[in-house]
Structure formats: C-alpha cells, structure tokens
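The structure appears below as structure tokens.
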There are 2 protein chains.
Amino acid sequence: MSGYAPSEAARRSGFSLDTLRYYEKIGLLADVERTAGGQRVFTDDDLGWLVLFRCLRDTGMPIAQMRRYAQLARDGEHTADERHELLRHHAARVEEQMRLLQRQYDHLREKIRFYERLPAAAPGPEPGHGT
Amino acid sequence: MSGYAPSEAARRSGFSLDTLRYYEKIGLLADVERTAGGQRVFTDDDLGWLVLFRCLRDTGMPIAQMRRYAQLARDGEHTADERHELLRHHAARVEEQMRLLQRQYDHLREKIRFYERLPAAAPGPEPGHGT
DNA sequence: CTCCAACCTGGAGCGCGCTCCAGGTCAAGC
DNA sequence: GCTTGACCTGGAGCGCGCTCCAGGTTGGAG
C-alpha cells in the first residue's frame, strides 16, 4: 500500500522523473525517503502531494506559490488559516481565468462561424467582420 | 477612423509597445505602415489582427501557429479551408483545456471545503483526505 | 528654431519550468 | 559474480514569449 519506485511514482502522478527530482530539489516535495543505497521511495503521502501539485499547476499557480503552500503545511496546523486563504485567493484567480477563457472561446467560435458562412460571398482579406 | 500611433495601438490592443514590435519582427503583423520618417502607423485592420491574436494567445495558441494562420491569410482566399481547419482544431484543444480547468477547479474547491470543515476535528499533516 | 517625449533599430537578457547530460552507483535476475 | 537497466548527482541548456537596453532619430508643441 506504500513505497513506490521513482518510475512508478512518475507513472502514477503523470510527472516525469526529472520533474519529480526537480520538485524535490526546489523544496516542493521535502524529505522523500531513500533506500540504503540512496534511491528514492515515494509514499502514498508523496503521491497525494503530487496530485495536489498537479491540480495547482494545471490551474496556473506559479511554483513559488506552491512552494509557499507546502512550506506552510510543513510548518504545522497553526498555518491552516493562511493555507486556506491562499487557496481561496487562487480559486478566485482561476474563476477569472475561466471567464476569460470562455469569453475568448466565444470569440473563436464566432470567427469559425464566419468561415462556415463563407462559401456564399466573397470575403475581405481578413479580420474585421466585427471581431 | 484609421491610423494609430504605436502608443495608441498599444493602449487599444493591450499589448506593450515592445510586443507590437516583436510581433512585427517575427512576421505576425506584416507590413505595418510607416511615416516618411519611419515611425509606425497602425490601421484598423492591424488592430483587428491584434484582437484576433489576443484571442488566440489567451486561449493558448503558440505563436508559431498564429504565424502560420496569418501567413495563410496573406496567401489569399484559397487558404480559407486550411485556416478554418486550423481554428476548428484549436477550438477543440480549447474545449479540452476548459474541461481540464473545470475539473481541477472542482478539486481545488473540494480542498477548500476541507479547510472550511476543519475547525471541528484535528487534521492530519496534509493531503490525503481523499483528494 | 528648439525642445523633448515618443519613436526607431539590433541585439542581449530574462523568468519560468522544466529537460538533458555525463559520469557514476545500485540492485534484481540469471 | 555478472550483467543490465533503473537510478543517482550537479550543473548546463532549452523553448517560449516577451522585455530591456543603448544609442540614435522624429516630429509636434511652444
């Protein structure tokens, strides 16, 4: 139930081996266990962190901020409020990001509709068309 | 109704002066008009292109692809199908992007809810919690 | 005519987030 | 015991998309 080789951790998390090492090097993942010979052994807890990192990364959080979050968590329970705030703050930015993406997607679809109505008449050179 | 100084074009498009020059240099914006003395004069058409570039950029299209699109448009009407295809293809990627963003946003909200239910009991060190 | 802010060019530099490399070590299977 | 593939380290390099800089020119206001 616990103790994954690097390649297995990479497979499960979707991060590359290099990225896992990189995340440890910069202090996102701290104190990854090692075998007597020095090879990494990832725990379920590490995997849990990686899932979180993927979530934060995919929603555009900069690494510096993930680092801060991870550090706070390591500092103990008394940082829970600050972590909570950090995530709420991030969520707000993600919402804004989603709105922008939706808006620009709508523009894009409009542009595409232009091409779909195109066969009828001769078009101008480009843009315009109200976009 | 037409003929904007660089600073005005920057203001209207939301791109920096440096970015406008950069976009011209790499061939996104081609043949921007100049005054006798060599200073740029942006037309409404240029502005239209900039709006499109912003849309594509904000939805994550790499510059190389925008360049390709712009080049096709310059090549004439017979490239309309290819441009159409390029945009449709991009739109599909944007849809995927939106789905992923939504999914990760949901994870994030779940994590936040964890902090909101927290005051009740003692939490573990971190992750886990089903995330 | 003078001034000065806005503009020009070519090219170097940057911040991010990895990714790759060389040269060596570890450990499971035969 | 030997082989071989997965792993280790420190550090250099990269791809993207700008951003900044030095040193010079332009052009509208006063």
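Note that this is a predicted model, so its numbers are computed, not measured. Numbers restart at 1 for each chain; the letters A, B, ... are given by sequence-line order, proteins then strands.
Remark: Ala5(A), Pro6(A), Ser7(A), Leu17(A) in residues 5-18 of chain A come within less than 4.0 Å of DNA chain D through at least one heavy atom.
With no hydrogens or angles considered, no side-chain donor-acceptor pair links His107(B) and Arg103(B) at under 3.5 Å.
Scanning both residues, Ala73(A) and Thr79(A), for their nearest heavy atoms gives N-OG1, 4.2 Å.
Sparse packing is recorded around CD of Glu33(B), with 12 or fewer heavy atoms of other residues, nucleotides or ligands lying under 6.0 Å away. In the displayed structure, Arg93(B) atom CZ is contacted under 6.0 Å by more than 12 heavy atoms of other residues, nucleotides or ligands. Remark: Arg68(A) CZ is loosely packed, at most 12 non-hydrogen atoms of other residues, nucleotides or ligands lying under 6.0 Å away.
Atoms OH (Tyr22(B)) and P (dG13(C)) sit 17 Å apart, rounded to a whole Å. Per the geometry, CD belonging to Glu24(A) stands 16 Å off P belonging to dC18(C), to the nearest Å. Distance, Lys25(B) NZ to dA12(C) C1': 10 Å, rounded to whole Å. Here dG17(C) presents its P atom at 15 Å from CG of Leu29(A), a figure rounded to the nearest Å. Atom P of nucleotide dC8(D) and atom CG of Leu20(A) are separated by 10 Å, given to the nearest angstrom. For Ile26(A) and dG10(D), the CD1 to C1' distance is 16 Å, given to the nearest whole Å.
Judged by the 6.0 Å distance and 45° axis criteria, Arg83(B) is not positioned over the aromatic ring of Tyr115(A).
Place Met61(B) and Arg21(B) on DNA chain D by their nearest nucleotides, and Met61(B) ends up nearer the 5' end.
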**Report entry** salt bridge (charged side-chain N to carboxylate O under 4.0 Å, His left out) assessment of Glu116(A) paired with Arg88(B)
**Finding:** CA-CA 11 Å; Glu116(A) 262 140 32; Arg88(B) 282 180 60 75; 3.4 Å; yes

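The shortest distance between the side-chain N/O atoms of Arg40(B) and the OP1/OP2 oxygens of dC7(C) is not below 4.0 Å. For Arg34(A), no side-chain nitrogen or oxygen approaches OP1 or OP2 of dC7(D) to under 4.0 Å. For the pair Tyr23(B) and dC18(D), the criterion of a side-chain N or O lying under 4.0 Å from OP1 or OP2 is met.
Partner of Arg99(A) under the side-chain hydrogen bond (donor to acceptor under 3.5 Å, both in side chains) criterion, chosen from Glu95(A), Glu96(A), Gln102(A): Glu96(A).
Residues Arg40(A) and Tyr4(A) have side chains not in contact (no heavy-atom distance under 4.5 Å, counting atoms from C-beta outward).
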The contact string for nucleotides 22-30 of chain C, one letter per nucleotide 5' to 3', using protein heavy atoms under 4.0 Å with B, S and - for base, sugar-phosphate only and none, comes out as ----SS---

